[in-house]
Every structure is written in structure tokens, then in C-alpha cells.
Amino acid sequence: MAALSDMLTYLRKRQGLTQQQLADKLNMSRSAIGMYETGKREPEIEVLEAFADFYNVDMNTLTGRVPSPAPIPQGFQPMPPMDEVPLVGKIACGSPILAQQNVEGMVSVPTEWHADFTLVCDGDSMVPTFQDGDLVAIRIQPEVENGEVAAVRIDSEATLKRVYLHDDYIELRPENASYPSIIRRKDEMNDVHIEGKAVGLCRGL
């Protein structure tokens, strides 16, 4: 059962908000938010209701008074441990991929992926492996093996492609044969930055 302070911290981070941003939205002081999240002060019922309304959760969920989970049906497994990682949107020109202005929020992915951030696929260039709208988890690393899928930044644009590094050029190859590879040669190779390796994806039904 999660403590109220832990739940308040989790819900705020899930929204991608700092304590000051949350305080501004709820017309509270940042110090009050901090004390609620550390358990140094218990919020009154009106404050709890404000939190519940803002996060769109019921009071039982907020306070940790949730029913015991039902038994897991045969043939199914429990949810794995999860981590909260940033969801990165459009990349601001010249800024690191995890710069504050690029982060749209926080999402949960399995801990075993060891992911550092996520991107949402836009388009069908990586079909059939990755579909439009898939949430792709990325582990930050500056290099990948030839043929591995990576998040690659070219100037201010991020793209998901299979990477092939040759002696005098780099090829960013799509899965969809309808799209041409992106080729960068000689000095143009300096514009290509591998942000990390794709380590998992989440797809809606």
C-alpha cells in the first residue's frame, strides 16, 4: 500500500510537473507541496479533494486505501516492475534530447528494459516492426551495432532507423521498403548523433 506522500510525488512526476508548477496550478505554496510529499504535513480533506480532482483519481487511490487485487487468472502474469521515464516530443534545435523544453511528460515502462526515455513513432517508415503511434523505449548510448535500431538526431530532428556505419558514410535504413535510406557522407556524418538504442515498445490494441 503506497503512502499518501509517495502517491502525491508519483502523480506529480507522472504529469511531468515540478513542485513549483503544481503549486501554481493549485494555488498553493511550493513549500506546502514539498511537506505533503515528504510526509511532514498531512493535507486537510479540502486539499486532498483538490489533488484528487487535479489528477483525476478517486480518494482511495490517492490515499492508498485500495482493495486487495484480484487473483491473477491462470495463463496470465502480473505486471512487471515499472520505471517512470521522460516522453520526448519535438527536439529543440541544438539542445540535448532530454532538455526540459523537449520533455512532454513521464510514462511507465518495464524496469528490465533499462530505458532512459521514450519517443512516439510518427509515420510508417519503420513498418512492420514499429507502427505509427508506438511508444518506443530508448536506452541512452552513443554507439550501436550495425543493424540495430536507434533513435538518431540529425540537426534538430529525431528519427528511428536501423543504423549501418561504413568506412566513409553512415546509412540510416527504414524497415519499410517504400522509403529510401538516409545517407550521410564525409563531413555530413558530423550532423548525425546516435541518442540511444531501441530496447522495447508499447502498442495499444
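As the structure is a prediction and not an experimental result, all values here were calculated from the model.
Taking the side chain as every heavy atom from C-beta outward, Thr118 and Val136 never approach each other to under 4.5 Å. The shortest distance between side-chain heavy atoms of Val152 and Ile182 does not fall below 4.5 Å. Using a 4.5 Å cut-off on side-chain heavy atoms (C-beta onward), Leu62 and Leu8 make contact. Side-chain contact between Thr18 and Gln21: present, with at least one pair of heavy atoms (C-beta onward) separated by less than 4.5 Å. Side-chain atoms of Tyr164 and Ile170, non-hydrogen and from C-beta on, never get closer than 4.5 Å to each other. A heavy-atom distance below 4.5 Å is not found between the side chains of Met35 and Ile33. Residues Asp134 and Val120 fail the side-chain proximity criterion, which asks for heavy atoms closer than 4.5 Å.
Listed here is the closest heavy atom pair of Val199 and Trp113: CG2-O, 3.6 Å. When all heavy atoms are compared, the tightest approach of Tyr55 to Arg14 is O-NH2, 4.2 Å.
For residues 176-187, no residue pair satisfies the salt bridge (charged side-chain N to carboxylate O under 4.0 Å, His left out) rule, not counting sequence neighbours. Applying the salt bridge (charged side-chain N to carboxylate O under 4.0 Å, His left out) definition to pairs two or more places apart or across chains, those involving residues 31-41 are Arg12-Glu37.
Under the 4.5 Å side-chain heavy-atom criterion for ILVMFWY residues, a single connected hydrophobic cluster contains both Tyr36 and Leu17.
A 6.0 Å sphere centred on CG of Asp122 holds no more than 12 heavy atoms belonging to other residues, nucleotides or ligands.
Annotation: ring-ring contact (aromatic ring centres under 6.0 Å, His included) contacts of Tyr179 (sequence neighbours excluded): none. Here Asp191 pairs with nothing under the side-chain hydrogen bond (donor to acceptor under 3.5 Å, both in side chains) rule; sequence neighbours left out. Qualifying side-chain contact (heavy atoms from CB on, under 4.5 Å) partners for Pro80, counting only residues two or more places apart in sequence or in other chains: Met82, Pro110. With sequence neighbours excluded, the residues that form a side-chain contact (heavy atoms from CB on, under 4.5 Å) with His114 are Arg139. Judged as a salt bridge (Lys or Arg N to Asp or Glu O under 4.0 Å), and not counting sequence neighbours, Asp116 has no contacts. Not counting sequence neighbours, Glu84 has no partner by the salt bridge (Lys or Arg N to Asp or Glu O under 4.0 Å) test. Here Glu171 pairs with Arg173, Ser181 under the side-chain hydrogen bond (donor to acceptor under 3.5 Å, both in side chains) rule; sequence neighbours left out. Not counting sequence neighbours, the partners of Glu175 by the salt bridge (Lys or Arg N to Asp or Glu O under 4.0 Å) test are Arg162.
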For a quick test of your reading: what N or O donor-acceptor pairs under 3.5 Å do the side chains of residues 46-54 make, sequence neighbours left out?
none

Tell me which donor-acceptor pairs under 3.5 Å the side chains of residues 141-151 have, and how far apart each pair is, sequence neighbours excluded?
{"unit_1": "Gln141", "atom_1": "NE2", "unit_2": "Glu143", "atom_2": "O", "d": "2.8"}
{"unit_1": "Asn146", "atom_1": "OD1", "unit_2": "Leu165", "atom_2": "N", "d": "2.9"}
{"unit_1": "Asn146", "atom_1": "ND2", "unit_2": "Leu165", "atom_2": "O", "d": "3.4"}
{"unit_1": "Glu148", "atom_1": "OE1", "unit_2": "Glu145", "atom_2": "N", "d": "2.9"}
{"unit_1": "Glu148", "atom_1": "OE2", "unit_2": "Lys197", "atom_2": "NZ", "d": "3.1"}

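Between the side chain of Asn176 and the main chain of Ser125, no donor-acceptor pair closer than 3.5 Å is present.
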